[in-house]
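For reference, positions follow the sequence shown, starting with 1. Only heavy atoms go into these numbers, but all of them, side chains included; no hydrogens, no water, no symmetry mates. Worth saying up front: this structure is predicted, and the values here are computed from it rather than measured.
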Amino acid sequence: MKYACLPGFILVGLLALPAVAAEEPPKLVLQITVDGLRGDLLERYQHNFGEDGFRYLMEQGAYYTNAHYQHGNTETIVGHVSLATGAPPSVHGMVGNVWYDRQQERLVYNVEDGDYAMLTANAGVNQSTEIDPTQKVAKLGGRSPVPILSTTFSDELSVASNGESKIFSVSVKDRGAISLAGHSGKAFWFSKAQSEFVTSNYYYQQYPNWVTQWNKKDIPARYSKQKWDLALDRNSYTLKEGPQDHKVDLAGFKRTFPHPYGPASYQYFSTMLTLSPAGDEISADFASELLEKEDLGNNKFTDYLAISFSSNDYVIHMYGPSSLETEDNLIRLDRTMAKLLKRVDEQVGLENTLIVLSADHGVPEAAPTVNALGYSTASYFDKNTIINDKLRQRLQEDFGLNEDVIRLYAQPYIYLNHKIIKAKGVSLAAVQKAIANEVEKIQGIAYAVTSDDVAANRLPDTAVMRMVKNNYHPQRSGDIYLVFDPRTYINDMDGLTIASTHGSPWRYDTHVPVIFAGYNIDAKKISREITPYDIAPTLSNQLGITQPSGATGNVLEEVSKATK
């Protein structure tokens with residue numbers, strides 16, 4: 001099957017209007033996010049893709065190859081909410097997957113909310129088997145979008161249609177689904193504890209019948225006693241693998257192919273699914289069911305469906321981006337997406353569907369991979385070196401303080417105990433500066449930036465410092481922002497040593513693809529630099545609706561011109 005774009009529609013309305021919509025708006029906006037899809041990976045692996053998945057988007061859409069985030073902490077929630085709001089974390093408030101809440105005096109998980117309970121009992125985090133340390137931070141079982149401090153594109157779509165647009169979001173990760181559904185939509189995510197898709201009573205008081213029936217089919221159990229093996233002959237893959245000792249063997253999932261899922265009764269079975277193409281396949285199946293049962297695209301107003309595919313991120317954490325696992329996962333995701341697009345085409349028509357694909361962040365190569373190529377300074381950082389004897393001595397001599405003035409480090413911030421500092425009668429800014437000066441001397445740390453300097457606008461006007469500033473929110477950011485050297489990062493995930501992780505302001509972490517396709521979009525490949533913050537304003541412009549409240553991105557002219 002080969003999809004074709006329809007010819008352009010004729011515009012109506014006055015040129016003076018801030019947003020111009022096509023005469024016939026799209027019936028459906030389909031927003032696809034591939035977690036951790038660095039901008040070059042589609043190009044690297046495309047020769048092993050079919051015609052109807054990634055390549056359809058790349059070859060028949062407006063494909064931006066040089067899109068970069070402009071905030072420093074390139075983590076999952078930060079990128080997802082930036083995609084949804086068209087704004088950096090300084091506006092939308094999601095400064096990291098976790099942050100220290102000074103009112104509650106504890107770390108909080110980004111979308112935890114005790115006011116809204118899960119609809120399924122025991123569907124929250126299983127502390128004994130959860131491998132995502134940010135999930136384990138949550139003390140409250142409920143989930144909601146309330147912590148997001150800006151409106152999203154989907155929120156504005158709901159307002160423009162007076163609530164008649166159907167708005168849904170699906171992901172393996174709760175934060176991946178909740179962010180794009182916004183405050184007005186409905187979100188579903190995969191519970192590893194219960195091996196089914198769930199939601200909270202922020203969205204529903206009881207599940208729609210179709211969700212209950214889908215869960216009863218127990219599709220995850222179909223992978224019981226199966227294994228993840230290569231989709232192609234080994235010689236068909238792009239790269240020859242280098243060292244593999246850095247790959248993770250988690251609970252018997254093995255470092256190399258084949259990766260066995262084990263029986264459905266195995267306590268890590270659902271986790272194994274999310275570390276493989278199975279997670280995306282299950283998500284797509286649920287999303288296809290949602291598309292049909294909620295009758296999306298057959299509405300007076302434009303409907304919205306967001307799907308965030310999470311497996312790529314987990315696979316790269318476990319094996320690195322230059323691995324057979326990552327390439328095979330993307331090959332299989334390509335096939336999954338082709339099936340999904342076919343389903344959308346059958347129900348709505350791709351010519352009636354405005355599709356946008358991007359990612360929440362990029363990723364670095366695993367340090368051993370680039371070490372083997374001669375890049376000797378790539379390394380893993382030991383977070384235990386942040387508090388050292390020289391820092392302890394400086395705190396004692398300058399302020400009479402002990403190391404307990406440092407509450408904790410939570411990527412990317414050091415948080416200080418303000419009560420101790422105030423009781424001592426010393427300057428918070430001076431303590432921040434002293435700690436930053438000492439920490440910046442540690443090998444592997446490029447910059448230590450105080451929040452006092454950020455707030456007072458005393459930073460040099462460099463790209464990295466602008467990104468640190470864009471990550472600053474006065475109620476949620478810590479006292480000192482740490483930027484590690486290029487290709488240097490903490491590879492400890494709550495005691496689990498992983499191959500690769502993201503979160504830096506360096507270009508490999510900020511670089512993602514942005515592709516608009518389907519509805520009235522001309523095929524073109526664009527290399528000028530843009531930012532993913534441009535997506536939400538561009539979608540708003542296409543539909544002639546208000547942009548999200550805090551949006552800082554621009555309307556992409558190559559997409560908006562498609563309606564002229």
Side-chain angles (χ1 to χ4, degrees), residues 26-37 57 76-86 92 94 111 143-145 148 150-158 161 165-190 197 199 202-203 211 279-280 282-291 293-294 296-297 299 301-313 333 336-337 340-341 343-344 347-348 353-361 512-519 532-533 535-540 542-543 545 548:
K27 295 180 178 179
L28 176 69
V29 171
L30 175 64
Q31 185 158 8
I32 300 171
T33 306
V34 181
D35 203 318
L37 184 63
L57 301 175
T76 296
I77 190 62
V78 189
H80 274 82
V81 178
S82 295
L83 287 169
T85 62
H92 60 62
M94 309 303 270
V111 291
R143 298 289 185 268
S144 87
I148 300 173
S150 172
T151 67
T152 65
F153 164 74
S154 56
D155 291 333
E156 300 300 343
L157 178 61
S158 179
S161 67
S165 288
K166 301 175 184 178
I167 298 168
F168 291 94
S169 185
V170 175
S171 180
V172 156
K173 295 181 180 180
D174 52 10
R175 56 190 183 269
I178 290 170
S179 52
L180 291 163
H183 301 83
S184 304
K186 309 289 189 185
F188 295 98
W189 56 92
F190 186 68
F197 272 88
T199 193
Y202 177 91
Y203 304 101
V211 175
D280 290 341
I282 294 167
S283 298
D285 191 280
F286 183 86
S288 294
E289 188 82 352
L290 188 159
L291 182 77
K293 300 302 184 183
E294 296 291 344
L296 300 189
N299 192 2
F301 295 92
T302 301
D303 293 330
Y304 175 81
L305 174 61
I307 307 170
S308 180
F309 291 114
S310 303
S311 293
N312 182 69
D313 180 68
L333 176 56
T336 296
M337 286 220 316
L340 175 67
L341 292 175
R343 182 70 194 87
V344 171
Q347 178 162 323
V348 185
T353 304
L354 178 55
I355 306 166
V356 59
L357 177 141
S358 191
D360 53 345
H361 54 75
V512 297
V514 170
I515 308 175
F516 286 84
Y519 164 82
Y533 309 150
I535 291 174
T538 300
L539 289 174
S540 299
Q542 289 295 85
L543 271 63
I545 65 175

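When every heavy atom of Ile307 is checked against every heavy atom of Ala287, the shortest pair comes out as CD1-CB, 3.6 Å. Taking each heavy atom of Ala536 and Pro548 in turn, the nearest pair found is CB-CG, 3.9 Å. The minimum heavy-atom distance linking Leu296 with Val348 is given by the pair O-CG2, 3.5 Å. The shortest non-hydrogen separation linking Lys173 to Thr76 is NZ-OG1, 3.4 Å. Closest heavy-atom contact between Val211 and Phe197: CG1-O, 4.4 Å. The two atoms that bring Leu83 and Pro532 nearest to each other are CD2-CB, 3.8 Å, heavy atoms only.
Residues passing the side-chain contact (heavy atoms from CB on, under 4.5 Å) test with Ser311, sequence neighbours excluded: Asp280, Asn329. Under the side chain to side chain donor-acceptor pair (under 3.5 Å) criterion, Glu289 pairs with no residue, sequence neighbours left out.
Ser288 OG to Leu340 CG: the interatomic distance, rounded to the nearest 0.5 Å, is 5.0 Å. With rounding to the nearest 0.5 angstrom, the CG atom of Asp174 is 11.0 Å from the OG atom of Ser144. The CG atom of Leu30 lies 5.5 Å from the CD1 atom of Ile355; values are rounded to the nearest 0.5 Å. Ser171 contributes atom OG, which lies 8.5 Å from atom CG of Leu180 (distance to the nearest 0.5 angstrom). Distance CG/Asp360 to NE2/His80: 4.5 Å, rounded to 0.5 Å.
Atom NZ of Lys27 has 12 or fewer neighbouring heavy atoms from other residues, nucleotides or ligands inside a 6.0 Å radius.
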Does the side-chain contact (heavy atoms from CB on, under 4.5 Å) test come out yes or no for Ile178 and Tyr202, once each step is laid out?
-> CA-CA 11 Å; Ile178 290 170; Tyr202 177 91; over 6 Å; no

Give the C-alpha distance, both sets of side-chain angles, the deciding distance and a yes or no for side chain to side chain donor-acceptor pair (under 3.5 Å) between Ser158 and Asp155.
-> CA-CA 5 Å; Ser158 179; Asp155 291 333; over 6 Å; no

Please walk me through it: do Leu354 and Thr302 pass side-chain contact (heavy atoms from CB on, under 4.5 Å)?
-> CA-CA 10 Å; Leu354 178 55; Thr302 301; over 6 Å; no

Output, in order, the C-alpha distance, side-chain angles, deciding distance and verdict of side-chain contact (heavy atoms from CB on, under 4.5 Å) for Leu157 and Leu539.
-> CA-CA 10 Å; Leu157 178 61; Leu539 289 174; over 6 Å; no

Intermediate values then yes/no, side-chain contact (heavy atoms from CB on, under 4.5 Å), Thr336 and Asp285 | CA-CA 9 Å; Thr336 296; Asp285 191 280; over 6 Å; no

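Looking at Met337 and Leu357, their side chains come closer than 4.5 Å, going by heavy atoms from C-beta outward. The shortest distance between side-chain heavy atoms of Tyr304 and Leu543 does not fall below 4.5 Å. Under the 4.5 Å side-chain criterion, counting only non-hydrogen atoms from C-beta, Tyr519 is not in contact with Val29. Taking 4.5 Å as the limit, some side-chain heavy atom of Ser179 sits within range of a side-chain heavy atom of Ile77. The shortest side-chain heavy-atom distance between Val344 and Leu305 does not fall under the 4.5 Å cut-off. With contacts defined as side-chain heavy-atom distances shorter than 4.5 Å, the pair Asp35/His361 qualifies. Contact of the Ile515 side chain with the Ile32 side chain is not registered, since no non-hydrogen atoms from C-beta on lie closer than 4.5 Å. Looking at heavy atoms from C-beta onward, Gln542 lies out of side-chain contact with Pro26 at the 4.5 angstrom threshold.
A donor-acceptor pair is defined here as one N or O able to donate and one able to accept, closer than 3.5 Å; such a pair exists between the side chain of Ser358 and the backbone of Pro513. In terms of modelled atom types and a separation under 3.5 Å, the side chain of Asp303 and the main chain of Lys166 share a donor-acceptor contact. Formation of a donor-acceptor pair under 3.5 Å by the Ser154 side chain with backbone atoms of Ala181 is found in this model. Proximity of a side-chain donor or acceptor of Gln347 to a complementary backbone N or O of Gly297 within less than 3.5 Å is not detected. In this structure a side-chain-to-backbone donor-acceptor pair under 3.5 Å is missing from Thr152 to Ala84. Between the side chain of Thr199 and the backbone N or O of Ala187, at least one donor-acceptor pair lies under 3.5 Å.
Between Phe190 and Phe286, a ring centre-to-centre spacing not shorter than 6.0 Å is recorded.
Ring pair Phe188/Phe168 is parallel by interplanar angle, where below 30° counts as parallel and above 60° as perpendicular.
With 3.5 Å as the limit, one finds no donor-acceptor pair spanning the side chains of His183 and Thr151.
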